[in-house]
Amino acid sequence: MFERRLALESIHTLSGRCFVLRYRCPDIAAASLPGHFVMISAGDAIDPLLRRPMAIYRIVREAGAAVGFTLLVERTGRGTTLMARARAGDMADVLGPLGRPFRLPATDVLDDEEDLLVMGGVGAAPFPLLAEVLVGRGARVRAFVGGRSREDLRCLDDFAQLDVPVHVATDDGSAGHCGFVTGALEAHLQRAAGRPRIYSCGPTPMMRAVDELAARHGCDHQVSLEAPMGCGIGVCLSCVVPVDRGDAWIYQRICREGPVFDAATLGWR
Amino acid sequence: MFERRLALESIHTLSGRCFVLRYRCPDIAAASLPGHFVMISAGDAIDPLLRRPMAIYRIVREAGAAVGFTLLVERTGRGTTLMARARAGDMADVLGPLGRPFRLPATDVLDDEEDLLVMGGVGAAPFPLLAEVLVGRGARVRAFVGGRSREDLRCLDDFAQLDVPVHVATDDGSAGHCGFVTGALEAHLQRAAGRPRIYSCGPTPMMRAVDELAARHGCDHQVSLEAPMGCGIGVCLSCVVPVDRGDAWIYQRICREGPVFDAATLGWR
Amino acid sequence: MSDPEGRADLAVKVGDVELSNPMLLASGTVGYGEEMAELIDLNRLGGIVVKGLSLEPERGNEPQRIVEVSGGMLNSIGLQNVGADAFVQDKLPFLEQFDLKVIANVWGRTVEEYVGVARRMDAADGVHALELNVSCPNIKEGGISFGTDPVQIHAVTAAARAATEKPLWVKLAPGVTDIGVMARAAEEAGADALSVANTIRGMAVDVGRRRPLLATIYGGLSGPVMFPIALYLLYEVSLVSSLPLIGIGGVSELDHVLQYLTVGATAVQIGTANFYDPTASQRLVDELARWCCDEEIPTVREVIGSLQVGEL
Amino acid sequence: MSDPEGRADLAVKVGDVELSNPMLLASGTVGYGEEMAELIDLNRLGGIVVKGLSLEPERGNEPQRIVEVSGGMLNSIGLQNVGADAFVQDKLPFLEQFDLKVIANVWGRTVEEYVGVARRMDAADGVHALELNVSCPNIKEGGISFGTDPVQIHAVTAAARAATEKPLWVKLAPGVTDIGVMARAAEEAGADALSVANTIRGMAVDVGRRRPLLATIYGGLSGPVMFPIALYLLYEVSLVSSLPLIGIGGVSELDHVLQYLTVGATAVQIGTANFYDPTASQRLVDELARWCCDEEIPTVREVIGSLQVGEL
Ligand SMILES: Cc1cc2nc3c(=O)[nH]c(=O)nc-3n(C[C@H](O)[C@H](O)[C@H](O)COP(=O)(O)OP(=O)(O)OC[C@H]3O[C@@H](n4cnc5c(N)ncnc54)[C@H](O)[C@@H]3O)c2cc1C
Ligand SMILES: Cc1cc2nc3c(=O)[nH]c(=O)nc-3n(C[C@H](O)[C@H](O)[C@H](O)COP(=O)(O)OP(=O)(O)OC[C@H]3O[C@@H](n4cnc5c(N)ncnc54)[C@H](O)[C@@H]3O)c2cc1C
Ligand SMILES: Cc1cc2nc3c(=O)[nH]c(=O)nc-3n(C[C@H](O)[C@H](O)[C@H](O)COP(=O)(O)O)c2cc1C
Ligand SMILES: Cc1cc2nc3c(=O)[nH]c(=O)nc-3n(C[C@H](O)[C@H](O)[C@H](O)COP(=O)(O)O)c2cc1C
Ligand code: FES
Ligand code: FES
């Protein structure tokens, strides 16, 4: 965990209210694993006061060494609107990497099953890095990318670049399967053999629907959760989610015990 | 009085924590007289919340028409520090022109007496425009410019350009007369004949010292006052100063009845 | 019609006071309306609450009278005003030209002074309602603020009630243990509506000089920082009172207006925003109209008190 | 020595508790210190006030537990904690490694629960002082908050006083008509210091859903917006109490620290700033040391209570 004041290297605007911020910071970059996030300030003033949690999107490498990272941000409210206005050179306070990343399959079981990454909207942010790491280990990765409409689909270029096959679904049918991304996932699960490992991130209804499929097909399923976060490091207890402990449930901190959880422990089933 | 959202045309840094902001706004420019001020936002957020009062410094003319204005700002606190960081294109909310400007001598008495402009530090801001108007009417204008040190002297170029003779004083003697600007003024008053009209703006002790000289020499003396301002338009009653009314004193609003007052009414004598 | 396109119904009634829309200008932040009229069209607003009026003219406090703080400001103006008679004679005629409700904010140092001002406002044709500012020290009761003691709120409200037939609003002070008790005292004494809330006490120090920044040591905090506090106070009052409520504190965005209405305010007052964003009130009327259209809400009255609490 | 260059004397004493400098971490904003220790050097701070401890572990409130507001945040964490025994066993040993004072923040739903926690803290070696959080509803007295009733403050303070020999601080609640009365009640019951103040009640509404944003409807406001209010409350308390005071609310800049000290605080606590600026506390220690040097103030104790009021 590093607390750094960083100058924005570049900002790159995408379709559908999204943009990519790039920072140079070898410390944070080298320590970041897929599913990690940072807390980043959205301005220097007291409004907005709190930093915003953002997943590590990609790691920037130079000569093989991790020297920076990018964030994939959707403009939704006050803070992200300010962030969208940032210009190269603007300073931000960044604390990271934070949280518990995705649990990766042991290298010797990688070949047995597929790894399916299921994402909705900007929930896609952590998946290109996860795909990169999995592919690097020789896994068979497949992405299911959902969005309201064509311009809400994220990371298609990243997956193409990594040679990861992509199944697309849009609510309005403007690209790919018309309907929810779970439809595409279900079709694949029915077609495919075995019990692929599933990772999902997106709107809660989407993740719950994915989990229903995962449960039905006996798949391991990790989800990356969101909640309003005060601190991102576990001290404010604002980001809790009830987690099953067999006999009882307890509140766990999404920022510390998560953001990645085993879906089976969330009492959704 | 116009309420306008304006894009910064240019920012120009001077020595000693000062800078000049230029805005294009024919409405405000055409209505501005020497001594008028504007209320300008120092950011879009709620901290700082209130706008800052700033004197109209120069009027920008194109083909004889007033099309814009400039502000001469000294970086002293939070708001002016933010303003100093502004870049061309940045938006600000500006309300103006505000207040009661300098009372100008009737044209037929202009030749009789000199007009002496006495200023300390950034208190110089309203005087180049006053000098410009007075010179344009054929007055004999003289400027007394004081500051802590050489780099705190303001508007010397403006006065040079207007062919206005300048008497300089610095506390540390790094330029001109060593000591207060009132020393230079006193020397001039003793030398010169008649009862010149005096206008002053700067730290209160300076203006009071000027007023002592003005009273002693029987000079008309107008001062431009400062006070923390909530609104700039007369509705919050925050900026009051006690003003003599012969039989009693009343509180008057610096933003509305001022900022320019007849020094004789301020109970300083 | 407040909606420029004439589509939204923004009219509300604070008791018997019919407002073309819920946007009022708050007392002490717009003087007697003259200066604001140079900047906004007063006909577009629901009403104006004028600067607090006393029986005699008041000079107010010594400067320094305001300090900016993070997200707000402290003031200790000290209720400088022209006095009730001069208001009626010199200031009210100007406001009578406009199609908006004029509410007289009334204060005193004794119950008798409140009554004196209330009588004069009762007699003044252009005044549509009275708002009692009870955040004043009662000099006959050892300087304890009227607004912090239910017995005194009751006494001053009942006395003003007897002095006027016009709608009587009571503006509650925030710095009390249980604002509901104060609300009920005012209601029982005959108030027609409750304004929530006045400024919150705050302080700022010039460390360099080791002195308070305000000549009066402390002052009243207003501005955006007040919003969540005043919203909660309004909620508390809504639980115990059936009177129409007026939300005051920090209004500067449409969302603030809507939050107040949702929690139960019939109208809101805009104060400090008039200083840093002088056309805010008029813009908020437009934005409210547009919001109602966009959300297909036929009348803004549907929003009032629409808050849902408890399990879904 | 807190000053990196060893020049400034920042040591202060809150009663018998000697602090290397006036900077404490506020309860509920740093857990039990483990996470903060990854970011700052706890040895550099005066002390840490741990998350409020109850007799039994507590789950706390249902989410959503926080909302950001302009210049601050609302929380309704609900005092989730591991319980007094688990704290002593599992958490305290970690803190004992560091050279800073550990203050146990204590709460309960009955006087007996407070006493139970106080006894356990009295017995725990690594705990240097207790801070009673009286902003809790007393379930035996109809749920009225201990902190809003001088009789109850007296009762709970006296009971805790009897249960521990250690320094006992009482943390006052802000939402009361007269905080001086509460301060005196705590002082008379044997408090050794007063912490001013806890969070202020506030509310926020999701207009789209017509629902409160917090599951508990309202929550406690903290952050920069609180500063001028808490500073005023501290001033009020300073007028009636001779106990050492601790300023809490909105501290995020050196100027805040200095204002609290000037008005009369012996120390300050840093809360919400730990969230949005996690190294703030340590930086403030450095800045305070540098300020003392620049101002040629031999000891920071000179600043405490140096406020001058009245005519010059
Ligand atoms: C672990 C984690 C990783 C995330 N990664 C990304 C990412 O890579 N890209 C991206 O665009 N978004 C991501 N989000 C969501 C992102 O944090 C919110 O969209 C953002 O905080 C909204 O801020 P705002 O000021 O624009 O919205 P506002 O609604 O104005 O924010 C108000 C408050 O609510 C909080 N908030 C609002 N929406 C969310 C949300 N969905 N999750 C958590 N807090 C929220 C804000 O942080 C702020 O405190 C992530 C959230 C979490 C918890
Ligand atoms: C009529 C008038 C004209 C002025 N013209 C100029 C000008 O041309 N150039 C220039 O540099 N300055 C001018 N000033 C002073 C200028 O307004 C302040 O320096 C500025 O407001 C400081 O803001 P800040 O945020 O940097 O300081 P901060 O100290 O952070 O401000 C805190 C608060 O105090 C107020 N304040 C602080 N100093 C002053 C002051 N001297 N006068 C009034 N309010 C103050 C601020 O407006 C703000 O509300 C003028 C003031 C007045 C009243
Ligand atoms: C400078 C100033 C003067 C005020 N004068 C009065 C007054 O005379 N009477 C009154 O009832 N309230 C007065 N108030 C309080 C406001 O009417 C309002 O209740 C408060 O400012 C909160 O609203 P805001 O946050 O929108 O400003 C005054 C407020 C300010 C800032
Ligand atoms: C998330 C959160 C949790 C808190 N928990 C406690 C607590 O357990 N006990 C307590 O006495 N105060 C608690 N507080 C109050 C703080 O200790 C402090 O009094 C308050 O936040 C004001 O200071 P600040 O503005 O610096 O945050 C909590 C505050 C926050 C924001
Ligand atoms: S965000 Fe503070 S504990 Fe998780
Ligand atoms: S600044 Fe508001 S009355 Fe002058």
Side-chain angles (χ1 to χ4, degrees), chain B residues 1-5 27 31 38-53 76-80 82 92-99 204 225-243 245 248-258 266, chain C residues 25-40 48 50-52 57-82 213-215 219 222-225 227 250 252-253 271-280 282-283:
Chain B
M1 172 161 52
F2 303 94
E3 162 76 352
R4 294 286 180 265
R5 189 161 175 82
D27 297 336
V38 297
M39 292 292 282
I40 180 167
S41 61
D44 269 337
I46 57 155
D47 187 30
L49 186 71
L50 301 171
R51 299 191 190 180
R52 272 39 183 165
T76 52
R78 209 212 268 296
T80 48
L82 269 177
D93 295 305
V94 183
L95 180 67
L98 301 172
T204 305
L225 299 184
E226 291 187 3
M229 290 188 171
C231 69
I233 59 171
V235 295
C236 74
L237 305 180
S238 65
C239 62
V240 296
V241 62
V243 172
R245 279 279 197 91
W249 63 269
I250 56 165
Y251 277 131
Q252 287 202 323
R253 297 166 296 185
I254 292 180
C255 71
R256 196 87 181 178
E257 282 79 47
L266 295 177
Chain C
L25 299 172
S27 179
T29 66
V30 290
Y32 312 104
E34 290 143 312
E35 297 87 358
M36 292 307 288
E38 298 175 37
L39 277 161
I40 57 174
I48 179 172
V50 300
K51 176 71 190 165
E58 291 278 339
R59 263 183 190 153
N61 293 329
E62 196 185 325
Q64 178 166 339
R65 289 181 168 187
I66 60 161
V67 192
E68 191 185 54
V69 295
S70 285
M73 60 177 272
L74 302 173
N75 88 78
S76 66
I77 306 301
L79 293 163
Q80 175 180 343
N81 77 103
V82 296
L213 275 155
L214 293 175
S222 65
V225 296
F227 174 72
S252 55
E253 297 173 13
T272 305
N274 296 309
F275 303 162
Y276 61 88
D277 186 8
T279 58
Q282 183 172 312
R283 193 191 62 234

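Below, chain A is the first sequence line, B the second, and so on; all start at residue 1. Everything numeric here is computed off the predicted structure, so don't read it as measured data.
- Remark: side-chain polar atoms of S27(C) are paired, donor with acceptor, to backbone N or O of V50(C) under 3.5 angstrom.
- Under the 3.5 Å distance criterion, the side-chain polar atoms of R253(B) are left unmatched by any main-chain donor or acceptor of L237(B).
- Interface remark: S70(C) contributes backbone and side-chain atoms alike to the contact with chain B (heavy atom separation under 4.5 Å).
- No part of R5(B) comes within reach of chain C, as not one of its non-hydrogen atoms sits under 4.5 angstrom from that chain.
- Looking at S41(B), neither its backbone nor its side chain comes within 4.5 Å of chain C, counting heavy atoms on both sides.
- In this structure, chain B has a heavy atom under 4.5 Å from the side chain of T272(C), while its backbone stays farther away.
- Using a 4.0 Å cut-off between charged nitrogen and carboxylate oxygen, E68(C) and R52(B) count as a salt-bridge pair.
- Only the side chain of Q64(C) comes within less than 4.5 Å of a heavy atom in chain B; its backbone stays farther off.
- For M39(B), no part lies under 4.5 angstrom from a heavy atom of chain C.
- Using a 4.5 Å cut-off between heavy atoms, P242(B) does not touch chain C at all.
- In terms of heavy atoms, F2(B) sits closest to D27(B) at CE1-O, 3.4 Å.
- Checking side-chain atoms of Y276(C) against main-chain N and O of P48(B) turns up no donor-acceptor pair under 3.5 Å.
- The most heavy-atom pairs under 4.5 Å with chain B, out of N61(C), V225(C), N75(C), come from N61(C).
- By number of non-hydrogen pairs under 4.5 angstrom with chain B, the leading residue of P57(C), G72(C), G60(C) is G72(C).
- Ranked by heavy-atom pairs under 4.5 Å with chain C, the list C231(B), G234(B), A45(B) is led by C231(B).
- Using a 4.0 Å cut-off between charged side-chain N and carboxylate O, D93(B) and R4(B) make no salt bridge.
- Interface residue L95(B): only side-chain heavy atoms are found under 4.5 Å from chain C.
- With hydrogens and angles ignored, the 3.5 Å screen pairs no side-chain donor or acceptor of R51(B) with any backbone N or O of A42(B).
- Salt bridge absent: R256(B) and E34(C) never bring a charged side-chain N and a carboxylate O closer than 4.0 Å.
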